[in-house]
Amino acid sequence: MEKLKRTKISDLLKETDKDKVVNVKGWVRTKRGNKNVTFIALNDGSIIHNIQIVVEAGNIDEQILKLINTGACLSVTGTLVESFGKGQGVEIQAKEIEVYGQADPETYPLQKKGHTLEFLREIAHLRPRTNTFGAVLRIRHAMAYAIHKYFNDNGFYYLHTPIITGSDAEGAGAMFRVTTLDMDNPPRTENGQINYEEDFFGKSTNLTVSGQLEGELGALALSLIYTFGPTFRAENSNTPRHLAEFWMIEPEMAFYDITDNMDLAEDFLKYLVNYALDNCIDDLQFLNKMYDTTLIERLKGIVETKFVRLSYTEGVDILMKSGVKFEYPVKWGCDLQAEHERYLVEKHFKKPVILTDYPKEIKAFYMKLNDDGKTVRAMDVLFPNIGEIIGGSQREENFETLSKRIEELNIPTKDMWWYLETRKFGTAPHSGFGLGFERLILFVTGMLNIRDVIPFPRTPKNAEF
RNA sequence: UCCUACUUAGCUCAGUUGGUUAGAGCAUCUGACUGUUAAUCAGAGGGUCGCUGGUUCAAGUCCAGCAGUGGGAGCCA
């Protein structure tokens with residue numbers, strides 16, 4: 001007899017052709033019933049919904065039924081029928097069940113009842129089997145796909161920037177060292193320093209903190225590029241918004257000024273949120289019901305709202321006139337604190353805000369200096385609840401101005417000669433920004449902790465899974 | 001890294017002024033129930049009270065140190 005092919009539950013629930021024999025495989029969410037009939041809710045991760053398996057007494061060996069508990073993996077063959085129970089449209093009348101893997105109910109940690117997200121973090125190897133993580137991971141996938149689709153459809157090329165980098169002056173934070181030297185007995189130079197000339201690359205290397213500098217090289221050849229890859233920061237940050245390993249999207253565009261850059265960022269974010277609403281509504285509805293009943297409303301709001309665009313100077317003005325007593329007092333030149341950003345986004349405007357033209361002292365060396373000589377063409381996109389979701393700028397394309405900034409900030413140029421050469425040979429106005437992928441997923445899912453929107457979070461003191 | 005709160009059964013949590021045998025709900029196990037919807041009902045088992053030390057006749061409870069986790073801050077995406 002020909003082997004019956006497995007049908008995904010997502011397809012079965014759409015099936016209109018009833019009374020046919022199908023095979024379904026998945027993991028048991030709940031089992032209940034009496035001595036005449038047993039009901040099994042089966043989920044295969046293809047969709048948030050389960051399919052109900054109905055086992056009439058006598059159809060399946062009782063010994064096999066006994067092996068089936070929450071968490072067990074089954075292959076079920078049976079007839080797809082319209083359900084005459086209330087909770088579902090269709091169900092499967094089981095004819096044959098093979099138990100692929102049992103799950104001992106005494107030790108299997110996932111119960112039918114809800115768990116706290118903190119507990120689920122301790123069992124990151126099993127949490128994808130929960131409704132919540134299934135929904136988050138499917139949305140995460142959809143967003144990754146939508147990012148590639150958006151850029152591809154708009155003429156951007158996907159540039160793969162290196163994970164291992166030889167420059168340690170990218171200025172975005174502390175780095176993880178990459179080495180093959182024997183840490184117990186490293187080679188030394190004459191004055192006792194570790195001799196990285198004997199290391200794998202013949203120099204000291206680290207994991208990247210940003211693909212931007214290499215991204216600029218790509219943009220100054222292909223015009224429109226983006227990167228989408230893992231990024232590493234060895235900062236001892238313990239917050240619900242930071243990871244030591246996270247994914248970042250960094251478009252870089254030749255011939256874009258700061259306004260073009262803002263237009264792109266706004267259009268891009270709206271496209272992604274809209275994509276989630278169009279393609280992930282089942283999962284969003286689940287999250288909306290279980291975690292945040294204003295989620296879908298808020299997502300729709302983002303798509304329809306025009307983001308506020310405001311200079312740093314205007315922002316400081318609003319904060320000073322607000323009469324609010326902040327823990328950190330505001331004055332022109334200070335870096336804006338979380339409380340300041342939150343006031344502007346959540347209290348004053350109640351919508352996303354793009355802040356521009358920050359004082360040069362509080363921003364990175366590569367940002368283009370404005371004519372006033374005091375501010376740079378930076379732009380931060382601030383979202384409600386999340387804070388800074390995008391940071392970007394028009395880049396300084398003038399060789400002399402850039403060299404002077406690098407000198408002022410005492411950045412070692414030895415490892416960055418290649419970056420500076422782009423300003424020597426056919427320099428061009430260009431802009432770009434970085435979007436933290438997990439922060440986007442936080443916003444789209446309504447989750448509150450960044451550790452719950454990446455399958456295997458890397459944070460200080462945590463690399464178990 | 002700083003501030004702050006928390007850590008008691010598999011999970012979520014009570015636990016009074018320091019005082020006899022540390023409780024509940026859910027989960028698990030056993031049984032009942034003719035179609036259930038995180039089924040229901042009855043019964044049973046289940047604890048090194050985060051770790052180390054201290055105070056005391058007596059510590060889950062008070063004190064100190066350490067660890068882990070949550071929240072806030074800084075760094076940023």
Side-chain angles (χ1 to χ4, degrees), chain A residues 28-41 43 49-57 66 69-71 81 83-88 91 93 103-123 130-131 170-174 209-212 230-250 265 290 326-328 335-342 362-364 380-383 386-392 433-443 448-454 459-462 464:
Chain A
V28 175
R29 285 295 169 77
T30 67
K31 176 182 142 191
R32 55 181 171 262
N34 51 51
K35 63 182 161 192
N36 299 298
V37 60
T38 302
F39 302 95
I40 298 165
N43 186 283
H49 305 299
N50 304 324
I51 189 129
Q52 173 155 281
I53 311 294
V54 183
V55 184
E56 304 275 5
K66 273 196 178 156
N69 287 106
T70 300
V81 297
S83 177
F84 56 89
K86 275 197 182 110
Q88 58 283 316
E91 62 192 18
Q93 287 282 346
D104 177 7
E106 299 276 5
T107 50
Y108 184 63
L110 288 173
Q111 303 169 3
K112 333 181 190 185
K113 297 281 179 184
H115 293 289
T116 60
L117 295 170
E118 289 84 355
F119 173 67
L120 292 175
R121 275 172 220 148
E122 294 169 13
I123 50 166
T130 62
N131 285 332
E170 292 170 28
V209 293
S210 162
Q212 182 199 313
T231 316
F232 308 87
R233 307 259 168 107
E235 303 284 351
N236 191 6
S237 296
N238 294 288
T239 86
R241 291 179 306 283
H242 290 86
L243 291 165
E245 175 183 298
F246 64 101
W247 289 67
M248 191 152 61
I249 300 103
E250 294 177 290
M290 300 303 286
F326 294 107
E327 194 184 330
Y328 295 86
D335 205 353
L336 293 184
Q337 306 292 316
E339 55 173 343
H340 306 139
E341 296 180 351
R342 260 206 307 275
I362 58 174
K363 286 291 178 185
D380 285 359
V381 181
L382 309 177
F383 259 31
I386 311 290
E388 186 181 338
I389 192 167
I390 278 181
F433 61 79
L435 168 68
F437 187 52
E438 282 75 19
R439 290 198 182 165
L440 171 77
I441 308 302
L442 271 182
F443 182 76
L448 297 172
N449 193 310
I450 202 161
R451 297 170 180 90
D452 298 329
V453 296
I454 185 168
T459 51
K461 301 263 153 60
N462 184 4
E464 179 73 18

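Throughout, a chain's letter reflects where its sequence line sits, starting with A, and its residues are numbered from 1. All of these numbers come straight from a predicted model, not from anything done at the bench.
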Q. Rounded to the nearest Å, what distance is computed from the NZ atom of residue A:K112 to the C1' atom of nucleotide B:U36?
A. 10 Å

Q. Rounded to the Å, how far apart are A:F232 CZ and B:C76 C1'?
A. 16 Å

Q.
Closer than 3.5 angstrom, by distance alone: can the side chain of A:E235 be matched with the main-chain N or O of A:A174 as a donor-acceptor pair?
A. yes

Q) Within less than 4.0 Å of OP1 or OP2 of B:U1, is there a side-chain N or O belonging to A:N236? A) yes

Q) Has the side chain of A:H242 got a donor or acceptor atom sitting under 3.5 Å from an opposite partner on the base of B:C76? A) yes

Q: Check whether the side chain of A:S237 and the base of B:C76 form a donor-acceptor pair under 3.5 Å.
A: no

(Q) Is it the case that the base of B:G74 and the side chain of A:E341 share a donor-acceptor contact (distance under 3.5 Å, atom types as modelled)? (A) no

Q) With distance as the sole criterion, do the side chain of A:N238 and the base of B:U1 form a donor-acceptor contact below 3.5 Å? A) yes

**Q.** Any N/O donor-acceptor pair, A:R439 side-chain to B:C76 base, under 3.5 Å
**A.** yes

Q) For A:F246 and B:A77, is the gap between ring centres under 5.5 Å while the planes differ by less than 30°? A) yes

Q) For B:C75, what is the paired nucleotide under Watson-Crick or G-U wobble rules, both distances under 3.5 Å? A) none

Q.
Check this for me: does the side-chain of A:Q52 come within 3.5 Å of the base of B:U36 through a donor and an acceptor?
A. yes

Q) Does the base of B:A77 carry an N or O that pairs as donor and acceptor with the side chain of A:R241 under 3.5 Å? A) no

Q | Donor-acceptor pair present, A:E327 side chain and B:G72 base, under 3.5 Å | A | no

Q: Return yes if the base of B:G10 and the side-chain atoms of A:Q111 contain a donor-acceptor N/O pair under 3.5 Å, otherwise no.
A: yes

Q. Does A:T239 make a side-chain N or O approach to OP1 or OP2 of B:A73 shorter than 4.0 Å?
A. no

Q: Answer yes or no: is there a donor N or O on one side and an acceptor on the other, between the side chain of A:Q52 and the main chain of A:F39, under 3.5 Å?
A: no

